[in-house]
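Notes follow the structure.
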2 protein chains.
Amino acid sequence: MEIIERKPRNREQTRSGILKTAKAIARREGWQAVSIRKIADAIEYSAPIVYEYFDSKDVLLDEIRNEGFRHLYQEYDRILTLYRDPEKRLFEISLVQWEFARQQPEIYQVMYNLDGALCSLPVHQSESMQAVSRIVCKTIFSFIPKAEESIRRLYFQWWSVSHGMITLAMLLKNEQPIEQSEQVYRETMRRFVRDLR
Amino acid sequence: MEIIERKPRNREQTRSGILKTAKAIARREGWQAVSIRKIADAIEYSAPIVYEYFDSKDVLLDEIRNEGFRHLYQEYDRILTLYRDPEKRLFEISLVQWEFARQQPEIYQVMYNLDGALCSLPVHQSESMQAVSRIVCKTIFSFIPKAEESIRRLYFQWWSVSHGMITLAMLLKNEQPIEQSEQVYRETMRRFVRDLR
DNA sequence: TAATCTCAGTTAACGGTGTTAATTGACTGA
DNA sequence: TCAGTCAATTAACACCGTTAACTGAGATTA
């Protein structure tokens, strides 16, 4: 009886250990250095065990990606409870996006297949990403009540500016200090939000 | 005597054959499918021969990346000879960037380490990329004669918007038609250029 | 008790990767 | 004829994702 109860728990611990280890290696050595065998070594199992938790490396990466989107969703949701002003909301959401990419670059990388991270499962049509899209669209709509088509265009623009600056800031961080990029990011996103009005 | 003349020529042909083959495989199957052995097979040589032309796979990818930046540079330069109006110039440069990513996505991918392409040699401090930076900065300066610092900020903003939209348009192309993304891109870049004034 | 079953976890294997050392074999000059 | 050169090859190393075969300990049953 207690075996039945202990087994799932340990199973869940092992599973999250795999995810945690994959992220740790990626952070330390980059995604190209993440291998099933290395993960297995770190959690003190043999490689085939990993396949009892994830059907393939792709599925493992997809899970980390979805974790990332779910994390973003929660942060965005928190912003909505903290602020009522739609402009403030969208601006703060922009800052959260920057902070996330800054604090957990390895997750941001796998979310967008950057820097050697490659998950071939399609990221669009993933529920977790669509939830993020919806919450940002909702925020934009709440202060620009236009047709859905227009909202999606504005969302595409907001996303592009934010994502573009984040990826280029990462790319150029050795010749353009990240603090400087952040300042430009803040000004640009503030302007974007203001100009929506 | 004729050997000495034929050798360098064939060498150059073989070299460009390697580059061409790498790009062809990447276009067809994605960068994760590009291997030294596959390239060697295609040019009907054994794998170690590739190493007589490129010290490593990284160096090979770096060369393709630089080819891409040099190509962009030439296109930008052509724009400068075609138009005199700075606004028109920057807008046309933006369109060239879009068209380039559209026509040769596999090169755009390796230039920015997207979708499994990974070249670990640092892309900043590459001469070919700096030349591209300079020509765009020059164009911006020619109609906003501010301090170099301000120009670099504007360039960073221009580049971010363009790059962000291009990468997200690629990412979302299965749910948002590319023609629609292109329309938003054109409007956004036109607005960006107009607002510089 | 002895034989069987279950099953978590292992090793071994397949075909692939980047890369390098050792080897072939044809042609050159002495 | 012998040695040297040199383009090109094969073989090897240490990895990779993935799967099949196997081990061995504990539970179940006859």
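Throughout, a chain's letter reflects where its sequence line sits, starting with A, and its residues are numbered from 1.
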Specify the separation, in whole Å, of atom [atom1] of [X] and atom [atom2] of [N].
X: Ile25(B); N: dT17(C); atom1: CD1; atom2: C1'; value: 13 Å
X: Asp41(A); N: dG9(C); atom1: CG; atom2: C1'; value: 15 Å
X: Gln32(A); N: dG17(D); atom1: CD; atom2: C1'; value: 16 Å
X: Ile49(A); N: dT11(C); atom1: CD1; atom2: C1'; value: 12 Å
X: Ile36(B); N: dA8(D); atom1: CD1; atom2: C1'; value: 17 Å

Is it true that [X] and [Y] have a side-chain N and a carboxylate O under 4.0 angstrom from each other?
X: Glu106(B); Y: Lys23(B); value: no
X: Arg134(B); Y: Glu127(B); value: yes
X: Glu99(B); Y: Arg102(B); value: no
X: Glu149(B); Y: Arg153(B); value: no
X: Glu92(B); Y: Lys88(B); value: yes
X: Glu75(B); Y: Arg78(B); value: yes
X: Asp62(A); Y: Arg65(A); value: yes

Would you list the protein and nucleotides 10-14 of chain D atom pairs, both N or O, that sit under 3.5 Å from each other?
{"from": "dA12(D)", "atom 1": "N6", "to": "Arg37(B)", "atom 2": "NH2", "distance (Å)": "3.2"}

Please determine whether a side-chain nitrogen or oxygen atom of Tyr45(A) lies at a distance below 4.0 Å from atom OP1 or OP2 of dT10(C).
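Answer no for this pair, as no side-chain N or O of Tyr45(A) is under 4.0 Å from OP1 or OP2.
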Would a 4.5 Å heavy-atom cut-off, applied to side chains only, mark Ser160(A) and Tyr185(B) as touching?
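No, too far: nothing below the 4.5 Å cut-off.
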Verify whether the ring centers belonging to Tyr73(A) and Phe69(A) lie closer than 6.0 Å.
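Between Phe69(A) and Tyr73(A), which both carry aromatic rings, the centre distance is not below 6.0 Å.
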Should the pair Arg197(A) and Phe143(A) be classed as cation-pi, given the thresholds of under 6.0 Å to the six-membered ring centre and 45° from the axis?
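No cation-pi geometry.
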For the helix from dT1(C)-dA30(D) to dA30(C)-dT1(D), what angle lies between the axis at the first five pairs and the axis at the last five pairs, to 10 degrees?
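Overall, the helix from dT1(C)-dA30(D) to dA30(C)-dT1(D) bends by 50° from one end axis to the other.
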Under 4.0 Å from any atom of DNA chain C, heavy atoms only: list the residues of residues 50-64 of chain B that qualify, in numerical order.
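Per residue number, the list reads Tyr51(B), Ser56(B), Lys57(B).
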Could you walk me through whether His71(B) and Tyr76(B) pass ring pair (Phe, Tyr, Trp, His ring centres under 6.0 Å), step by step?
CA-CA 9 Å; His71(B) 175 77; Tyr76(B) 291 0; 9.5 Å; no
